[in-house]
S.K.: 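The structure that follows is given in the form of structure tokens.
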Protein chains: 2
Amino acid sequence: MNIGSVSAQSGLSAKTIRYYEDIGLVKPLRDTNGYRSFQEKELHKLTFLSRARALGFTIEDCRALLALYEDETRASADVKRIAQEQLQMIEKKLVDLQNMHDTLSHLIDECAGDHRPDCPILKDLGKV
Amino acid sequence: MNIGSVSAQSGLSAKTIRYYEDIGLVKPLRDTNGYRSFQEKELHKLTFLSRARALGFTIEDCRALLALYEDETRASADVKRIAQEQLQMIEKKLVDLQNMHDTLSHLIDECAGDHRPDCPILKDLGKV
DNA sequence: CCTTGACCTTCCCCCCACTGGAACCCCTAT
DNA sequence: ATAGGGGTTCCAGTGGGGGGAAGGTCAAGG
């Protein structure tokens, strides 16, 4: 399979796949013409990466997860720990975003939103 | 006021304040020794920027908001519109994060997390 | 056989919003 | 005189790729 094919199947752009090769996440073979030649296993890894990234795992998380993915003697506890750490990050971000949301939402409610210059949003943001 | 002073008062790092000058958000005067010299107005703007950034506004949003902040003839509707757009971005991110959270949380629940290699997290991420 | 157009290659720069660090200057206290 | 804590500039790097140039390769159509 060429890069275009695995790109379509994995949902990753060709650019991204080349980047993943650069940083050592995948190691496709090369044809005599220099084209990357992906085998089933590499396609699985790329699909794995695509899903893991979509769940917010960092590249380094993905590297660790991929190592476990390929290690038949892994302990599922190791995978679960990484996933739980990521879940905590997500939960923290959710709290932060929810706070932003509430603050901004409140400010917006206070603002008349008309032709007059008086604006609680600006007033609050500039408060000393 | 020197940069250290406005940094402490605004909550922005000195590095960030220099960066904000670079990109034209603030324009402090200079002392004869070359030090930046901030006046009250600049401090207000920096505090404004600090708050707005904390609410997730981009630098370009901040630039627009600052222009409105300084424009005595603004219409509050213009401010409200920018804020509402930002609120929508935040709400979209909240939905995405919540979806990530639910998916990951479900996967974690399924995983035994013991010494055995069987792991629904890896299995699901690698599914074709 | 030639051309066309889709695909592939490497290379380098760009994005956001900073952060770190080097090398140097300035000011005050001891 | 020196030590230390300011300040200054400039260069490079972060994460996770994207855009686009300049060029090689391949299959199909005329």
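All figures in this text were calculated on a predicted structure; none of them were measured in a lab. Each chain gets a letter, A, B and so on, in the order the sequences are listed, and its residues count up from 1.
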S.K.: How about B:Arg63: does its CZ atom have over 12 heavy atoms from other parts shown lying under 6.0 Å from it?
M.R.: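 Check passes, neighbour count above 12.
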S.K.: Report yes or no: do B:Asp118 and A:Ser76 form a side-chain donor-acceptor pair below 3.5 Å?
M.R.: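 No donor-acceptor contact under 3.5 Å links the two side chains.
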S.K.: What is the separation between atom CG on A:Asp31 and atom P on D:dT25, rounded to the nearest whole Å?
M.R.: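 So the CG-P distance, A:Asp31 to D:dT25, works out to 13 Å.
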S.K.: Quick test of your reading of the model: are A:Glu42 and A:Lys27 salt-bridged, counting only N-O distances below 4.0 Å?
M.R.: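 Salt bridge flag = no for A:Lys27 with A:Glu42.
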S.K.: Of the options B:Asn2, B:Leu43, B:Val6, which is the one that meets B:Phe38 in a side-chain contact (heavy atoms from CB on, under 4.5 Å)?
M.R.: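 Testing B:Phe38 for a side-chain contact (heavy atoms from CB on, under 4.5 Å) against B:Asn2, B:Leu43, B:Val6 leaves exactly one candidate, B:Val6.
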S.K.: Quantify the bending of the helix from C:dC1-D:dG30 to C:dT30-D:dA1 as the angle between its end axes, each fitted on five pairs, to 10°.
M.R.: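 End-to-end axis angle: 30°.
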S.K.: Looking at B:Ser50 and B:Ser10, what are the two nearest heavy atoms and their distance?
M.R.: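 Minimum heavy-atom separation between B:Ser50 and B:Ser10: OG-O, 3.1 Å.
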S.K.: Considering only NZ, NE, NH1 and NH2 on the basic side and carboxylate oxygens on the acidic side, decide whether A:Asp124 and A:Lys127 come within less than 4.0 Å.
M.R.: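 Answer for the salt bridge query: yes.
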S.K.: Along nucleotides 8-19 of chain C, 5' to 3', which nucleotides get a B, which get an S, and which get a -, given that the test is a protein heavy-atom distance under 4.0 Å?
M.R.: SBBB-----BBS
S.K.: Can A:Met89 be reached from B:Ile121 by stepping across I, L, V, M, F, W or Y side chains whose heavy atoms are under 4.5 Å apart?
M.R.: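 Not linked; separate clusters.
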S.K.: Any chance you could measure B:Asn99, atom CG, to B:Leu104, atom CG, to the nearest 0.5 Å?
M.R.: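 With rounding to 0.5 Å, CG (B:Asn99) is 12.0 Å from CG (B:Leu104).
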